[in-house]
Engineer: 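Handing you a structure now.
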Amino acid sequence: MKKTALLLFITLILSACSQVSKEDAKKLNGYWEIEKVILADGSEKDYSINTTYDYFSIKDDFKGFRKKVQPQLDGKFLTDNSEEALEITEKDSKIYLNYKTDYATWKEELKSISEDKMVILNQQKIEYHYKKATPINLLNGEETK
């Protein structure tokens, strides 16, 4: 009986620790690079080199946008005017990223997030593992000639 109670207690603690809060979602702000993708069948695809990053901008009202950007060798990013409107919501103790463009709406679940890692699950059960991106700078801050 004591072992069962202890196991239940540990399970509750672990599940509470892994739960993402709506406030945690503000950690999305910034540049994120996909490290790997786990497909619905369990197979994995590693991304050792990325030509695009996801840039998230979330305000205090939990609204903002996501935009694709291309890192450049001088540490800057190329971008265009396209972006996806984003609203963060909570339902059944889960945090969702609700996207909207002129052409579609969809949502993804924010499974976990820290200062430098996050996991997002889309509606097709594909899990995206991100790491916080840093600019590529092969020139040590010097201007090209």
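All figures in this text were calculated on a predicted structure; none of them were measured in a lab. If you read the sequence from its start, that first residue is 1, and numbering goes on from there.
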Engineer: Taking side chain as C-beta onward, heavy atoms only, is Tyr53 less than 4.5 Å from Phe77?
Structural biologist: yes

Engineer: Any non-hydrogen side-chain atom of Lys107 less than 4.5 Å from a side-chain atom of Gln123?
Structural biologist: yes

Engineer: Who passes salt bridge (Lys or Arg N to Asp or Glu O under 4.0 Å) against Glu108, sequence neighbours left out?
Structural biologist: Arg66

Engineer: List in chain and number order the residues that pass salt bridge (Lys or Arg N to Asp or Glu O under 4.0 Å) with Glu109, two or more places apart in sequence or in another chain; answer none if no residue qualifies.
Structural biologist: Lys111

Engineer: Counting only heavy atoms not in Lys131 (residues, nucleotides, ligands), do more than 12 fall under 6.0 Å from its NZ?
Structural biologist: no

Engineer: Is there a side-chain contact between Met118 and Lys27 in this structure, where contact means two heavy atoms from C-beta onward sitting under 4.5 Å apart?
Structural biologist: no

Engineer: Sequence neighbours left out, what passes ring-ring contact (aromatic ring centres under 6.0 Å, His included) with Tyr47? Give chain and number order.
Structural biologist: none

Engineer: Between Lys100 and Glu87 (salt bridge meaning N to carboxylate O under 4.0 Å), is one present in this structure?
Structural biologist: no

Engineer: Can you give the donor-acceptor pairs under 3.5 Å from side chains of residues 56-64 to other protein atoms, not counting sequence neighbours?
Structural biologist:
residue, atom, partner, partner atom, Å
Asp60, OD1, Lys26, NZ, 3.4
Asp61, OD1, Lys63, N, 3.1

Engineer: Determine yes or no for a side-chain-to-main-chain donor-acceptor pair under 3.5 angstrom, with Asp92 supplying the side chain and Lys94 the backbone.
Structural biologist: no

Engineer: Can you list the steps and then say if Ile88 with Leu97 is a side-chain contact (heavy atoms from CB on, under 4.5 Å)?
Structural biologist: CA-CA 5 Å; Ile88 298 167; Leu97 309 176; 3.9 Å; yes

Engineer: If only atom types and distance count, is the side chain of Asp24 paired as donor or acceptor with the main-chain N or O of Ile113 below 3.5 Å?
Structural biologist: no

Engineer: Do Asn98 and Thr105 make a side-chain contact, defined as non-hydrogen atoms from C-beta onward lying under 4.5 Å apart?
Structural biologist: no

Engineer: Does anything in residues 92-111 form a ring pair (Phe, Tyr, Trp, His ring centres under 6.0 Å)? List the pairs, not counting sequence neighbours.
Structural biologist: Tyr99-Trp106

Engineer: For the side chain of Gln72 and the backbone of Gln70, is there at least one donor-acceptor N/O pair under 3.5 Å apart?
Structural biologist: yes

Engineer: Please identify each residue that fulfils ring-ring contact (aromatic ring centres under 6.0 Å, His included) with Tyr130, with sequence neighbours left out.
Structural biologist: none

Engineer: Do Ser43 and Asp41 have side chains that get closer than 4.5 Å, going by heavy atoms?
Structural biologist: yes

Engineer: So which of Leu39, Val37, Val119 actually passes side chain to side chain contact (heavy atoms under 4.5 Å, CB included) with Glu127?
Structural biologist: Val119

